[in-house]
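As structure tokens, the structure follows; a few thoughts come after it.
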2 protein chains.
Amino acid sequence: MDSLGETIRKLREDKELPLRTVAAYLDIDQAILSKIERGQRNASREQVIKLAEFFKIKETDLLVSWLSDKLVYEVADEDVALKALQVAEEKVKYQKQKK
Amino acid sequence: MDSLGETIRKLREDKELPLRTVAAYLDIDQAILSKIERGQRNASREQVIKLAEFFKIKETDLLVSWLSDKLVYEVADEDVALKALQVAEEKVKYQKQKK
DNA sequence: GGTAGATTTGACAAAATCCTTCAAAACAAA
DNA sequence: TTTGTTTTGAAGGATTTTGTCAAATCTACC
């Protein structure tokens, strides 16, 4: 149930790597990576894919973590958050079926 | 399972009102309302509230419709759409419980 | 305390996105 | 055709996002 940030911070600390190293791989300033790890900034899709590659974990898992973070952020502070998520789920299921 | 746009278009057409009338109530250009009804533009929170007021329907229902539209838009084209929505749901439930 | 490396913060700029207005085009009904 | 409605897209402004950089803060060790 970790956020994307928490996940990659743990991975990075397990390997005892400085922000600098991972940031260089992503080709961004370490300041941004610091903010991503602490949930202050959103990562881009491409950055998530590179992170999965770097840490050798399943891309899909990290994308789910990233996308769900964005969804949680979108409904934050809304009373109807849960309801909206459930309705969105139904809408997506319906669309899928239509194809 | 209608989108916000479809919902308010139906309401408006049932009452046989032109875009102009509703747009004036919202204090926006009718072009924008036209786009909102057809899902080309996102409505603002305030606009949704005014729309509920105008059509005398439950604000909460319209907010759920609006928010879920935004969520669907956010996960569109993602293979992991459904999974992400489900994980987001769990994250929201977890946060709620923590309070 | 002092030093070195790592991390965080915030100001700033560039780029991208969003929002609105407006006028013209398209459409519908008579 | 005329009138009223709706849709479209260009243009501009405003807002948000994205990144850079340097200074400040933190941490560990001597």
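In the text below, chain A, chain B and the rest are named by the order of the sequence lines, each starting its count at 1.
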Using a 4.0 Å heavy-atom cut-off, write out nucleotides 25-30 of chain C from 5' to 3' as B (base contacted by protein), S (sugar-phosphate only) or - (no contact). ------

Could you encode protein contacts along nucleotides 17-22 of chain C as a string, one character per nucleotide from 5' to 3', using B for base contact, S for sugar-phosphate-only contact and - for no contact, with a heavy-atom cut-off of under 4.0 Å? --BBBB

Determine, for nucleotides 24-30 of chain D in 5'-to-3' order, which nucleotides have protein heavy atoms under 4.0 Å from the base (write B), from only the sugar-phosphate (write S), or from neither (write -). -------

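For Lys35(B), the salt bridge (charged side-chain N to carboxylate O under 4.0 Å, His left out) test picks out no residue, with sequence neighbours left out. The side-chain contact (heavy atoms from CB on, under 4.5 Å) search around Glu90(A) returns Met1(B), not counting sequence neighbours. Partners of Glu6(B) under the side-chain contact (heavy atoms from CB on, under 4.5 Å) rule, at least two apart in sequence or in another chain, are Asp2(B), Ser3(B). Applying the ring pair (Phe, Tyr, Trp, His ring centres under 6.0 Å) criterion to Tyr73(A), with sequence neighbours excluded, gives no partner residue. Arg45(A) is linked by a salt bridge (charged side-chain N to carboxylate O under 4.0 Å, His left out) to Glu78(B), counting only residues two or more places apart in sequence or in another chain.
Rounding to the nearest 0.5 Å places CD1 of Ile32(A) at 6.0 Å from CZ of Arg41(A). Summarising the geometry, atom OG belonging to Ser65(B) is positioned 9.0 Å from atom CD1 belonging to Ile8(B); distances are rounded to the nearest 0.5 Å.
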Per-pair distances, 0.1 Å, donor-acceptor, side chain in residues 12-24 of chain B, under 3.5 Å, sequence neighbours excluded:
from: Arg12(B); atom 1: NE; to: Glu37(B); atom 2: OE2; distance (Å): 2.8
from: Arg12(B); atom 1: NH1; to: Leu17(B); atom 2: O; distance (Å): 2.7
from: Arg12(B); atom 1: NH2; to: Glu37(B); atom 2: OE1; distance (Å): 3.0

Distance-only donor-acceptor hits, side chain of residues 50-63 of chain B, under 3.5 Å, sequence neighbours excluded:
from: Glu53(B); atom 1: OE2; to: Tyr25(B); atom 2: OH; distance (Å): 2.5

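The side chain of Ser34(A) contributes no N or O atom lying less than 4.0 Å from OP1 or OP2 of dT7(C). Regarding contacts with the backbone of dG10(C), every side-chain N or O of Gln40(A) stays at 4.0 angstrom or more from both OP1 and OP2.
When every heavy atom of Ser68(A) is checked against every heavy atom of Ala88(B), the shortest pair comes out as CB-N, 3.7 Å. For Gly5(B) against Asp69(B), the heavy-atom pair with the smallest separation is N-OD2, 4.4 Å. Across every non-hydrogen atom of Leu33(B) and Ile28(B), the tightest pair is N-CD1, 4.1 Å.
Taking atom CG of Leu33(A) as the reference point, atom P of dT18(D) lies 15 Å away to the nearest angstrom.
In this structure, Leu85(B) and Val72(B) have side chains that are not in contact, with every pair of non-hydrogen atoms separated by 4.5 Å or more. By the 4.5 Å heavy-atom criterion applied to side chains, Lys91(A) and Leu71(B) are not counted as neighbours.
Counting non-hydrogen atoms of neighbouring residues, nucleotides and ligands closer than 6.0 angstrom, the NZ atom of Lys83(B) reaches no more than 12 such neighbours.
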When you compare the protein's N or O atoms with those of nucleotides 1-5 of chain D, which come within less than 3.5 Å of each other, and at what distance?
from: dT5(D); atom 1: OP1; to: Arg20(B); atom 2: NH2; distance (Å): 2.8
from: dT5(D); atom 1: OP2; to: Arg20(B); atom 2: NH2; distance (Å): 2.4

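One axis for each end of the helix from dG1(C)-dC30(D) to dA30(C)-dT1(D), each built from five base pairs, and the angle between them comes to 40° at 10° resolution.
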